Amino acid sequence: MDLNLRQVRAFVSVAHLRSFTRAAALLNLSQPALTVQIRRLEEALAVRLLDRNSRSVEPTRVGRELLPVFQRVLRELDSVVIDTRDLAARRHGTVRIAALPSVAAGLLPDAIAAFRAAHPRMSFVVKDAIAERVLALVRREEVDLGITGGVVRDPDVAVLARAADALHVVYPDGHPIGAVEAVTLEALAAHPLVLMDAETSVRAVVDAAFVAAGRLPVTACEATYMMTAVGMVRAGLGLTILPGSAREIRAEPDLRSRPIAEASFSRPVCLIAKAGRTLPAAAEDFLGELVPALEAAFSLPT
């Protein structure tokens, strides 16, 4: 079957206007050229679509049945063309991003809001996940961008920006650790700790710091989510160690936090993408908002 969109558009125009003359003018064609388009469409479909005489043009029964189908096809195609041009012109699109929960609830909403204020037709899909899952989502190209914790050594992943997130100890108001001159690893080792899950980037930093010092933490509990760890601290089960950027450290009015005064208690934060992959235009544009937000929220690594 040899039919094309020019033939379909020709038929729809004639059937709608009931006139070859007006349809030809609309399509910027000569009447003979328009007639050829209609004839070829009828030949391709092996049916007559229009009844015409010297005074009028009317769709046949088959033509009337096909007219709404062809109109829908043209509308959908026109919509695709418009959407594609908008994407190329960066007027709309979707940014898919995976981020650590502390980032997804912290700096990311404000960065998205600022970007959408200038690009209101842009949309976002945000997946909050622990560090290893962020890496996996980027590696599988299920997201365009990722913000993960820890050192990234995956050859399939490109690091677009780096920062550092100082870790804080979270403790009940009045706890002795609030009175020490500086929070050190030795001070932490003297108290039970609510540690994050072993697969989290925070736990990796804490474990590495204790191992390097030749010490073992006193583990009271483990938690996957920061808010759970905060709840355990509120219940008196121990202290916890969380990123300074995490909003959870300020969630409970009766808890306090202090930075840990040792360089080893700093979590690397990396903005990443799939290596060797061209970012979609929307994600590329969002970097202009996201990188400064990362720099403002975290310290830059030295």
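All values derive from a computational prediction rather than experimental measurement.
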Using modelled atom types and a 3.5 Å cut-off, is there a donor and acceptor pairing between side-chain atoms of [X] and backbone atoms of [Y]?
X	Y	answer
Arg52	Leu50	yes
Arg116	Met122	yes
Arg96	Val125	no
Thr240	Val194	yes
His175	Ile177	yes
Arg215	Ala212	no
Ser266	Ala263	no

Open item on the list: Please report the interatomic distance CG(Leu45) to CG(Leu66), rounded to the nearest 0.5 Å.
Closed with: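 One finds 6.5 Å between CG of Leu45 and CG of Leu66.
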Does [X] pair with [Y] as a salt bridge, N-O distance under 4.0 Å?
X	Y	result
Glu181	Arg258	no
Arg139	Asp154	yes
Arg277	Glu141	yes

TODO: Provide the full list of side-chain hydrogen bond (donor to acceptor under 3.5 Å, both in side chains) pairs with a residue in residues 123-135, sequence neighbours left out, each pair given once.
DONE: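 Of all non-adjacent pairs touching residues 123-135, those that pass side-chain hydrogen bond (donor to acceptor under 3.5 Å, both in side chains) are Thr94-Ser123.
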Task: Inter- and intrachain pairs under side-chain hydrogen bond (donor to acceptor under 3.5 Å, both in side chains), touching residues 30-41, at least two apart - done: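 Found Thr21-Gln31.
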- [ ] Scan side-chain atoms only and decide if Thr60 and Arg48 contain a donor-acceptor pair under the 3.5 Å cut-off.
- [x]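 No, no side-chain donor-acceptor contact under 3.5 Å.
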TODO: Verify the neighbour count for atom CZ of Arg140: are there more than 12 heavy atoms of other residues, nucleotides or ligands below 6.0 Å?
DONE: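 Buried by this count: over 12 neighbours within 6.0 Å.
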- [ ] For atom CZ of Arg61, decide whether the heavy atoms of other residues, nucleotides or ligands shown that lie under 6.0 angstrom number more than 12.
- [x]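 Atom CZ in Arg61 is not crowded, with 12 or fewer foreign heavy atoms closer than 6.0 Å.
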- [ ] Mind running side chain to side chain contact (heavy atoms under 4.5 Å, CB included) on Ser102 and Met226 for me, showing each step along the way?
- [x] CA-CA 8 Å; Ser102 58; Met226 294 186 188; 3.9 Å; yes
